Protein chains: 2
Amino acid sequence: MLERIPAYTDAMLDETGTLSDRVYRHLADRLIAGRFAPGDKLSLRAVSEALGLSIMPVREAVSRLAAEGALEVAPKKAVTVPLMRAAQFRDITQVRIEVEGFAAALACKAATSDSLAGIEAREREFRELSEQAQADLAQAVAANQAFHFAVYRAAGSAELLAIIERLWLRVGPIINLDLRENPERLRLGGAVQAHRACLAAIRENRPDAAREAIASDIGGASAFILSRQRLLD
Amino acid sequence: MLERIPAYTDAMLDETGTLSDRVYRHLADRLIAGRFAPGDKLSLRAVSEALGLSIMPVREAVSRLAAEGALEVAPKKAVTVPLMRAAQFRDITQVRIEVEGFAAALACKAATSDSLAGIEAREREFRELSEQAQADLAQAVAANQAFHFAVYRAAGSAELLAIIERLWLRVGPIINLDLRENPERLRLGGAVQAHRACLAAIRENRPDAAREAIASDIGGASAFILSRQRLLD
DNA sequence: TGCCGCAATCTGTGATCACAGTTAGCTTCC
DNA sequence: GGAAGCTAACTGTGATCACAGATTGCGGCA
C-alpha cells in the first residue's frame with residue numbers, strides 16, 4: 001500500500017521530455033528534497049494512477065532510480081526508499097566529504113562573478129532563514145540544498161555534479177528525516193558558519209579552506225545524525 | 001541497424017536475478033570491457049532477439065544504463081554508445097584522478113593480507129602480459145581493469161566502488177578504442193610502472209604515493225588519448 | 001481471548017500490440 | 001550519371017494483458 005499518497009496528488013510541473021523522463025525528475029526531486037522517508041513503500045500502480053499515466057513510464061523511472069541506489073526494488077515486492085545502516089552512512093559521508101570537498105576546491109578556481117553572486121545570494125538566504133525564531137524547516141532544507149549546489153555548479157564539472165546529485169539522492173531522505181525531528185539543530189548555527197567560511201574561501205581563492213569548510217559542514221551534520229541513533233545497526 | 005551483432009550472439013552466462021538485471025550486467029560488462037565503440041548503435045529489438053527475450057527486459061536495462069550516462073537514448077532514435085568530446089573527456093579524467101586516487105589512498109589503510117595478495121597477483125599478470133612480444137590486447141585491457149578494481153575493492157567502500165564503476169562504464173569504450181588502435185603504447189610501460197608504484201605504496205602504507213601512482217596512470221593514458229585527436233572538438 | 005492458516009488482493013515482471021517519428025534506400029526525374 | 005523526393009522499414013514510447021510470488025487481513029479453531 002502506498003503510505004504517502006498525498007505526496008503524489010499534485011501535478012507534475014515539468015512538461016518537457018518523455019513521460020519517463022518527467023516521472024524520473026518528479027521522483028528524484030522529491031527524494032532529494034526529503035519528501036520520502038527511509039522505508040516508505042511505493043507502488044508502481046498507485047504512482048501511475050496518481051499521475052494519470054499507465055505504469056510503463058513509472059516503471060522506467062523507478063528502474064533508473066533503482067540503478068542509482070535511490071530506490072530499492074526486490075522482485076515481486078514493493079518498491080521501497082532504502083533504509084540505511086550506520087556503517088553505510090559513514091561510508092557515504094566519507095565519500096561526500098572527498099567528492100563535494102573537491103568540488104568546492106574546484107569552485108575557487110572556476111567561479112565567475114555570476115556564479116559567485118549566486119553563491120552569495122544562497123548563503124544569505126540560508127543564513128536569514130536560520131536566524132528566524134520559527135524557521136520553516138522545509139524551506140531551510142531547500143535553502144541549504146540551493147547553497148551547496150550553487151557551489152558545486154560553480155566548479156564547472158558536469159561529471160562531478162552528476163555524481164554529487166546521485167549522492168544527494170541517497171542521503172536526501174535521511175538528512176530530511178533528521179532535520180524534521182530535530183529542528184533545534186538549525187539554530188546551533190554549525191551549517192551557517194560552514195557556509196560563511198566556504199563563501200569566504202571561494203571569494204579569496206583558497207581551495208583548501210573551501211574544501212575544509214564543506215568537509216566540516218558535511219561532517220558536522222553526519223555526526224549529529226549518527227549520534228541520534230535513528231539508523232539501523 | 002545493429003552494427004555489431006556478433007557481440008550479442010554468445011549467450012548470457014549469468015543466471016541469477018531478473019531478466020532485466022541479467023541484461024543490464026551483460027551490457028555493462030561489455031561496455032566496461034570496451035566491446036562497444038563510441039557511436040555504435042543498438043536496437044532494443046535486435047538485442048532482445050539475439051538474447052532470445054522480449055524487448056521489455058532490454059528496455060529496462062538500457063534505461064538504467066542511459067541514466068548512468070553509459071548509453072544515450074534520444075526519443076524515437078536508435079540507442080547509441082555516446083561519443084565524447086575532448087572537453088568532456090578532460091572533465092571525466094580530472095574526476096577519475098580525484099576519485100580513484102582517493103580509493104587508492106584508502107586502500108593503503110584498509111587493505112587486508114588477502115586483498116593485498118590479490119592486488120599483487122593482478123599486478124604480476126598485467127606486467128607479464130605487457131612484456132610479451134605479441135600481447136593480446138583484449139587480455140591486457142582485462143588485466144588492467146582487474147588490477148585497478150582489485151585496488152579499489154581493497155579500499156572497502158561500496159559507495160566509492162559504485163561511483164568508479166559508473167566512471168569506467170563511460171570511459172570503457174574510449175580507452176579500448178585507443179588501445180586497439182595503438183597497441184605499441186602498452187610496450188612503453190607507463191602503466192606497468194604506475195601499477196608497480198601503486199602496489200609498493202599500498203604495501204608500505206603510503207596513501208599519498210598510492211594516490212599519486214593512480215593519478216599518473218590515469219593522467220598518462222588520458223594524455224595519450226587526447227594527443228591522438230580521435231575525440232570530437 | 002489469542003494464534004494459526006487460508007484466501008483475496010496486492011506486488012513487480014514479462015510479453016504483445018499500436019503508434020508516431022526517424023532513417024535509409026530506391027525510384028524517378030533532370 | 002547524379003541528386004531530390006517518396007515510401008517502406010525501422011526506431012523508441014506507451015498501454016494493456018497475463019502471471020507468479022508476496023502480503024495482509026479475515027475467519028475459524030484451540
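Per chain, numbering begins at 1; letters A, B, ... match sequence-line order. Quick note: numbers below take in every heavy atom, side chains included, and nothing from hydrogens, waters or symmetry partners. Here the structure is a predicted model, which means the values were calculated and not measured.
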Let me know the distance between [atom1] of [X] and [atom2] of [N], rounded to the nearest Å.
{"X": "A:Glu72", "N": "C:dG12", "atom1": "CD", "atom2": "P", "result": "14 Å"}
{"X": "A:Glu49", "N": "C:dC10", "atom1": "CD", "atom2": "C1'", "result": "12 Å"}
{"X": "A:Glu60", "N": "C:dG14", "atom1": "CD", "atom2": "P", "result": "14 Å"}
{"X": "A:Leu51", "N": "D:dA15", "atom1": "CG", "atom2": "C1'", "result": "16 Å"}
{"X": "A:Leu19", "N": "C:dA20", "atom1": "CG", "atom2": "P", "result": "15 Å"}
{"X": "B:Ile55", "N": "D:dT13", "atom1": "CD1", "atom2": "P", "result": "9 Å"}
{"X": "B:Asp21", "N": "C:dT13", "atom1": "CG", "atom2": "P", "result": "8 Å"}
{"X": "B:Met56", "N": "C:dC17", "atom1": "CE", "atom2": "P", "result": "15 Å"}

Distance under 6.0 Å and angle within 45° of ring axis: B:Arg122 vs B:Phe147
no
May I ask you to verify if any side-chain N or O of [X] is less than 4.0 angstrom from the OP1 or OP2 atom of [N]?
{"X": "A:Lys41", "N": "C:dG12", "answer": "no"}
{"X": "B:Lys76", "N": "D:dA9", "answer": "no"}
{"X": "B:Ser20", "N": "C:dG14", "answer": "yes"}
{"X": "A:Ser43", "N": "C:dT11", "answer": "yes"}

Relative to each other, are the rings of B:Tyr152 and B:Phe149 parallel, tilted or perpendicular (30° and 60° limits)?
perpendicular
Quick check against the 3.5 Å criterion: does B:Arg64 have a side-chain atom that pairs as donor or acceptor with the backbone of B:Tyr24?
no
Assess whether one donor atom and one acceptor atom, taken from the side chain of A:Arg59 and the base of C:dG14, lie less than 3.5 Å apart.
yes
In terms of side-chain heavy atoms, does B:Arg22 have a donor or acceptor partner in B:His26 at a distance below 3.5 Å?
no
So which nucleotide from C:dG14, D:dA22, D:dG12 ends up closest to the side chain of B:Leu44?
D:dG12
Considering only heavy side-chain atoms of B:Val73, the closest of D:dG12, D:dT24, C:dA15 is D:dG12
Need to verify one output field. Residue with the more 5' nearest nucleotide on DNA chain D, A:Thr18 or A:Arg45?
A:Thr18
Please determine whether salt bridge (charged side-chain N to carboxylate O under 4.0 Å, His left out) holds for the pair B:Arg96 and A:Glu159, giving the CA-CA distance in whole Å, both sets of side-chain angles, and the decisive distance to 0.1 Å.
CA-CA 10 Å; B:Arg96 284 187 62 205; A:Glu159 295 297 332; over 6 Å; no
